[in-house]
S.K.: 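I have a structure here, written as structure tokens, and I will follow up with some questions on it.
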Amino acid sequence: MPELPEVETVRRSLEPRITGHRIEAVDVRRRDLRWPIVDEFEERLRGRSIRALERRAKYLLIRLDDDATWVVHFGMSGTLLFHESRRERFDKHDHVVVDLAAGGQLVFNDPRRFGSMSIHEGDDAQLFEGVGPEPLDEVGFNGEYLFAHGKRTSRVLKDVLMDQRVVAGLGNIYVNEALFLAGLRPRRALRRLTRDDCERLAQSVRTIISEAIEHRGSSISDFLDGVGRMGGYQWRRRVYGREGESCAACGSTIKVIVVGQRSSFYCPTCQR
DNA sequence: GTAAACCTGGCA
DNA sequence: TGCCAGGTTTAC
């Protein structure tokens, strides 16, 4: 589910509701997520106040008043929902329940358990070691960066953009959409692109990610923000999940191929 | 590099 | 029943 725009949407929805609040109780109902929740998790959170909410790549970073960070990754199916009043009955996939002193409650739900949660001490450097630049950072991520990277790899565009070490936060939906906007096929080799191609591709990534954040992410099957609202970008998809439909730009039939084990949707006419 | 693995639910 | 899914790690 969540790529960068969805995580950012969760961050924005939760920020005004939980910033400054103190954590009163923590109930871990299931510890075997993608990485097991450590035994000390509850005691590290209990009594702390939430100082700020940030995001890096696809990680939600909940800053605590002791300078530790509560790190959340949503995997494919995770949600973190804020409830104004506490609940007592839980779904079988509600794995972590955090009660706030003011009366609210945060519930982490994740049917597939590809998500994870941990407490990180100190600064973020080691946490994000090897993670690529944010796509909206024009200094770290731009056409020249992609062009230079192309000199070091024979990989195809789809693989490169999906690689979190190259650029952080993109996933299958938005890589497909960015490649459509750039007019480039998923199987094109990065090393074969011109500087102009790379510039257009970097710009397309930024455009798609910005639009997706504006529209509060994509709810294709089950994404919800921090208060249970669906996103709106699913209505604006141009290729992802549209196999067999006609391209809005040219009318050709959208095709799907598998690249790097993931479905890649593209318009055979608009993308070359 | 490429594939298989993790896990559950929904749909053909 | 089998295949597919917004992700990431691990193992040939």
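Computed from a prediction, not measured in an experiment: that's the story for all the values here. What's counted below: heavy atoms across the whole structure, side chains too, no hydrogens, waters or symmetry copies. Lettering of chains follows the sequences in order, A, B, ..., and the numbering in each one begins at 1.
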S.K.: Let me know the distance between CD1 of Ile220(A) and P of dG7(C), rounded to the nearest Å.
M.R.: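 Value for this atom pair: 10 Å.
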S.K.: When you measure from the side chain of Arg155(A), which nucleotide among dG1(B), dT8(C), dA5(C) comes out closest?
M.R.: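 Among the listed nucleotides, the one closest to the side chain of Arg155(A) is dG1(B).
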S.K.: Could you give the CE-to-P distance, from Met162(A) to dA5(C), as a whole number of Å?
M.R.: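 It works out to 11 Å between those atoms.
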S.K.: Using a cut-off of strictly less than 4.0 Å between a heavy atom of the residue and any atom of DNA chain C, enumerate the qualifying residues of residues 110-122 of chain A by number.
M.R.: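 Per residue number, the list reads Arg112(A), Phe114(A).
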S.K.: Rounded to the nearest angstrom, tell me the gap between atom CH2 in Trp35(A) and atom C1' in dA5(B).
M.R.: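 Atom-to-atom, Trp35(A) to dA5(B), this comes out as 13 Å.
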S.K.: Any side-chain N or O of Gln164(A) less than 4.0 Å from the OP1 or OP2 oxygen of dT8(C)?
M.R.: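 Yes, because at least one side-chain N or O of Gln164(A) sits under 4.0 Å from OP1 or OP2 of dT8(C).
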S.K.: From CZ of Arg152(A) over to C1' of dG1(B), roughly how many Å is that when rounded to an integer?
M.R.: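 About 16 Å, once rounded to whole Å.
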S.K.: With rounding to the closest Å, how many angstrom separate the P atoms on dC7(B) and dA11(C)?
M.R.: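 The answer is 15 Å between these two P atoms.
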S.K.: Under 4.0 Å, heavy atoms only, any strand: does Arg262(A) hit a base, just the sugar-phosphate, or nothing?
M.R.: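 Base, at least one base heavy atom under 4.0 Å.
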S.K.: When the distance from NZ of Lys158(A) to C1' of dG7(C) is rounded to whole Å, what number comes out?
M.R.: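 That distance rounds to 12 Å.
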S.K.: With a 4.5 Å cut-off on side-chain heavy-atom distances among I, L, V, M, F, W and Y, is there a chain of contacts connecting Leu136(A) to Tyr174(A)?
M.R.: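 Shared cluster, yes.
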S.K.: Could you state the interatomic distance from CD (Glu3(A)) to CD1 (Ile208(A)), rounded to the nearest 0.5 Å?
M.R.: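 That separation rounds to 11.0 Å.
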S.K.: Establish, from distance only, whether the side-chain atoms of Asn109(A) and Lys92(A) form a donor-acceptor pair under 3.5 Å.
M.R.: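 Looking only at side-chain atoms, Lys92(A) and Asn109(A) do not form any donor-acceptor pair under 3.5 Å.
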S.K.: Any donor-acceptor pair under 3.5 Å linking the side-chain atoms of Arg206(A) with those of Gln203(A)?
M.R.: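 Yes, Arg206(A) and Gln203(A) have a side-chain donor paired with an acceptor closer than 3.5 Å.
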S.K.: Which word best sums up how the rings of His93(A) and His95(A) line up, parallel for under 30°, tilted for 30 to 60°, or perpendicular for over 60°?
M.R.: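 Perpendicular, since the angle between the ring planes exceeds 60°.
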S.K.: Should stems be defined as at least three consecutive Watson-Crick or G-U pairs with both distances under 3.5 angstrom, which of them involve DNA chain B?
M.R.: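 Stem list for DNA chain B: B:1-6 with C:7-12, B:8-12 with C:1-5.
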S.K.: It should be established whether Lys92(A) places a side-chain nitrogen or oxygen under 4.0 Å from OP1 or OP2 of nucleotide dT8(B).
M.R.: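 For Lys92(A), the contact criterion (side-chain N or O under 4.0 Å from OP1 or OP2 of dT8(B)) is not met.
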S.K.: Taking 4.0 Å as the cut-off, does a side-chain nitrogen or oxygen of His93(A) come that near to OP1 or OP2 on dT8(B)?
M.R.: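 Checking His93(A) against dT8(B): no side-chain N or O falls below 4.0 Å of OP1 or OP2.
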S.K.: Are Phe74(A) and Tyr59(A) close enough that their ring centres sit under 6.0 Å apart?
M.R.: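 Centroid separation for Phe74(A) and Tyr59(A): 6.0 Å or greater.
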S.K.: For dG10(B) and Ser221(A) - does any side-chain N or O of the residue sit under 4.0 Å from the phosphate oxygens OP1/OP2?
M.R.: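 Ser221(A) to dG10(B) OP1/OP2: no side-chain N or O under 4.0 Å.
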S.K.: Calculate the interatomic distance between Asp159(A) atom CG and dT2(B) atom C1'; express it in whole Å.
M.R.: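 It works out to 9 Å between those atoms.
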S.K.: To the nearest 0.5 Å, what is the distance between OG (Ser264(A)) and CZ (Arg185(A))?
M.R.: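 The CZ atom of Arg185(A) is 12.5 Å from OG of Ser264(A), to the nearest 0.5 Å.
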S.K.: Choose from dG1(B), dT2(B), dT8(B) the nucleotide whose nearest atom is closest to any side-chain atom of Arg30(A).
M.R.: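 Of the candidates, dT8(B) comes closest.
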S.K.: Take the protein atom CZ of Arg242(A) and the nucleotide atom C1' of dA5(C), then report the distance between them rounded to whole Å.
M.R.: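 From Arg242(A) CZ to dA5(C) C1': 17 Å.
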S.K.: Using only heavy-atom distances, determine whether the side chains of Ser77(A) and Asp110(A) contain a donor-acceptor pair under 3.5 Å.
M.R.: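 Note: Ser77(A) and Asp110(A) side chains meet the donor-acceptor criterion.
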S.K.: Any donor-acceptor pair under 3.5 Å linking the side-chain atoms of Arg22(A) with those of Ser49(A)?
M.R.: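 On atom types as modelled, these side chains do not qualify, holding no pair under 3.5 Å.
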S.K.: Which whole-number value in Å describes the distance from Met76(A) CE to dA5(C) C1'?
M.R.: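 Met76(A) atom CE is separated from dA5(C) atom C1' by 5 Å.
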S.K.: Would Tyr233(A) and Ser219(A) count as having a side-chain donor-acceptor pair, cut-off 3.5 Å?
M.R.: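 Side-chain D/A pair, Tyr233(A) to Ser219(A): absent.
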S.K.: Ignoring the backbone of Gln261(A), work out which of dT9(C), dC4(C), dA3(B) is nearest its side chain.
M.R.: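 My answer, after comparing the listed nucleotides, is dA3(B).
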